[in-house]
Amino acid sequence: MKLATWNVNSLKVRLPHVLDWLAANQPDVLCLQETKLQDENFPIAEIAASGYQTIYTGQRTYNGVAVLSKQPGIELVTGIPALDDPQKRVLSAIYDDIRIICIYVPNGEKVGSEKYQYKLRWLAALKDWIRDMLARHEKLVLLGDFNIAPDERDVHDPKLWEGQVLFSLPEREAFQEVLGLGLLDSFRLFEQPEKSYTWWDYRMMGFRRNMGLRIDHILLSRELAKICTACVIDKTPRKLERPSDHAPIMVELGKL
DNA sequence: ATGGCTGTTCTTAACAGA
């Protein structure tokens, strides 16, 4: 089974990239963030023509998440149940017995800002919810754009980013607390190339100079980590014309 | 120190993203 996540930064603009990527990689499940589409504008027909069905929750201009899958999911959840949040950032369903949770964590803008406080509150609510979900689902995947680089290895210039949003200690601690519930960072289960990132700034030739951050993640419950055989960041779509600033990541799971 | 790209909007300037 192949599970993937990709912040597409506007599905309207990136739909051709997504369809090409689906055809080339054939994931069983692909989670998308920053679709930036209201539900009535979601391109279900184009995606269905590629052999995928979709669940989605979106809004105008900002945020929006979707889960594309070969098989239908059950027990859909939209948003973090205990969090009263109009922003469309969370979508979850069960696929092939696995509870998939697609998230788009708030960016946080700047350490100390109102949006940063919202990010930390949001992460605290996420932790409480994931604790509940793990108690109910041994097979669980939490994946998406976390907007947190967990470790110095995940930052092209840790000195420059020290204390900055996406790499500040409170954010990294919140990430570790989620892991502490019983999740593993699939990317670090395997040997990886040095300087592996999932996001590069559009400006200053960030991608060409590999000035990136690893802020998109696929976290696996212990049960699933045991059967995970690979985790790969695919930089191919980042090289296309008009790319998303994020690259997709994919894990492969063997038989239970 | 700043702004640097990109996408979106009751657009052509302002904002948010990371």
Side-chain angles (χ1 to χ4, degrees), chain A residues 5-18 31-43 56-66 85-90 102-123 126 143-175 187 195-218 233 235 237-249:
Chain A
T5 181
W6 193 3
N7 179 325
V8 290
N9 185 18
S10 169
L11 184 57
K12 183 182 170 189
V13 174
R14 232 65 68 192
L15 185 60
H17 291 189
V18 171
C31 297
L32 302 179
Q33 301 84 36
E34 285 207 86
T35 55
K36 300 188 180 180
L37 289 174
Q38 297 186 92
D39 290 349
E40 55 267 35
N41 298 330
F42 202 94
Y56 45 89
T57 179
Q59 63 187 87
R60 207 187 56 166
T61 315
Y62 305 118
N63 312 314
V65 285
D85 185 3
Q87 301 191 25
K88 306 299 189 188
R89 298 181 173 278
V90 175
C102 168
I103 63 170
Y104 174 46
V105 176
N107 164 281
E109 192 197 17
K110 192 171 189 288
V111 171
S113 68
E114 184 54 47
K115 286 175 185 170
Y116 183 77
Q117 297 306 327
Y118 163 64
K119 180 178 192 174
L120 294 180
R121 283 199 309 276
W122 197 96
L123 288 165
L126 176 73
L143 72 172
D145 179 356
F146 285 67
N147 270 320
I148 301 171
D151 192 89
E152 295 201 348
R153 289 178 292 178
D154 305 315
V155 179
H156 69 93
D157 185 346
K159 280 270 184 293
L160 180 72
W161 281 88
E162 189 179 342
Q164 302 296 312
V165 74
L166 311 183
F167 191 54
S168 73
L169 278 180
E171 293 166 85
R172 293 163 64 190
E173 282 166 7
F175 185 84
F187 190 73
K195 303 181 191 305
S196 286
Y197 309 121
T198 64
W199 170 86
W200 301 261
D201 204 308
Y202 282 125
R203 299 164 294 185
M204 295 177 69
M205 297 188 292
F207 182 66
R208 199 182 303 184
R209 299 158 71 187
N210 199 29
M211 294 169 59
L213 304 176
R214 193 176 70 93
I215 54 177
D216 302 84
H217 308 290
I218 302 180
I233 298 168
K235 289 163 74 170
R238 190 61 176 79
K239 300 169 184 169
L240 299 170
E241 287 287 312
R242 276 189 103 182
S244 167
D245 42 0
H246 295 252
I249 329 165

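As a basis for the values below, the full set of heavy atoms in this structure was taken, side chains included, without hydrogen atoms, waters or symmetry mates. In the text below, chain A, chain B and the rest are named by the order of the sequence lines, each starting its count at 1.
Distances shorter than 4.0 Å separate some side-chain N or O of A:Lys115 from OP1 or OP2 on B:dG17. In terms of phosphate contacts, A:Arg203 brings no side-chain nitrogen or oxygen within less than 4.0 Å of OP1 or OP2 of B:dG17. Proximity of A:Thr61 to the phosphate of B:dG7: no side-chain N or O atom is located under 4.0 Å from OP1 or OP2.
At a cut-off of 3.5 Å, with distance as the only test, no side-chain donor of A:Trp199 or A:Asp216 sits close to an acceptor on the other residue. For A:Trp200 and A:Asp245, the side-chain atoms include no donor-acceptor pair closer than 3.5 Å.
When the P atom is used for both B:dT11 and B:dT6, the distance is 23 Å, rounded to whole Å. Taking the P atoms as reference points, B:dT12 lies 33 Å from B:dA1, given to the whole Å. B:dA14 and B:dC10 have their P atoms separated by 16 Å, given to the nearest Å. Here, B:dT2 and B:dA13 have their P atoms 24 Å apart, quoted to the whole Å. On the C1' atoms, B:dG4 is 22 Å away from B:dT9, given to the nearest whole Å.
Comparing B:dA18, B:dT8, B:dT6 by their closest approach to the side chain of A:Trp199 singles out B:dA18. Between B:dG7, B:dA16, B:dC5, one nucleotide has an atom nearer to the side chain of A:Arg242 than all others, and that is B:dG7. Checking B:dA18, B:dT6, B:dT9 against the side-chain heavy atoms of A:Arg14 singles out B:dT6 as nearest. Of the candidates B:dG4, B:dT8, B:dA16, the closest approach to any side-chain atom of A:Met204 belongs to B:dG4. Closest to the side chain of A:Tyr62, from the set B:dA16, B:dA18, B:dC10, is B:dA16.
Put simply, the side chain of A:Arg14 gets close to the backbone of A:Arg242: a donor and an acceptor are under 3.5 Å apart.
Look at CD on A:Glu34: it is 8 Å from P on B:dG17, rounded to the nearest Å. Atoms CG (A:Asp245) and C1' (B:dT8) sit 14 Å apart, rounded to a whole Å. Distance, A:Gln164 CD to B:dA1 C1': 13 Å, rounded to whole Å. To the nearest angstrom, C1' of B:dA16 lies 9 Å from OH of A:Tyr104. Taking atom CH2 of residue A:Trp200 and atom C1' of nucleotide B:dT6, one finds them 16 Å apart after rounding to whole Å. With rounding to whole Å, A:Asn9 atom CG is found 11 Å from B:dG17 atom P. In this entry the distance linking CG of A:Asn63 with C1' of B:dT8 reads 13 Å, nearest Å. If you measure from atom OH of A:Tyr116 to atom C1' of B:dG17, you get 17 Å, rounded to the nearest angstrom.
For the pair A:Arg172 and A:Pro150, the tightest heavy-atom approach, listed with the atom from each and the gap, is NE-O, 3.3 Å.
Ring-plane geometry between A:His217 and A:Phe175 is classed as tilted, the angle between the planes lying from 30 to 60 degrees on a 0 to 90 degree scale.
Note on A:Asn7: only backbone sugar-phosphate atoms sit closer than 4.0 angstrom, heavy atoms only; bases stay farther off. Base contact: A:Asn107 has a heavy atom under 4.0 Å from a base atom. Nucleic acid contact class of A:Asp216 (heavy atoms, under 4.0 Å, all strands): none.
Nearest-nucleotide positions on DNA chain B for A:Pro243 and A:Val105 put A:Pro243 closer to the 5' end.
Taking the ring centre of A:Tyr197 as origin, the terminal cationic atom of A:Arg214 falls outside the region bounded by 6.0 Å and 45° from the ring axis.
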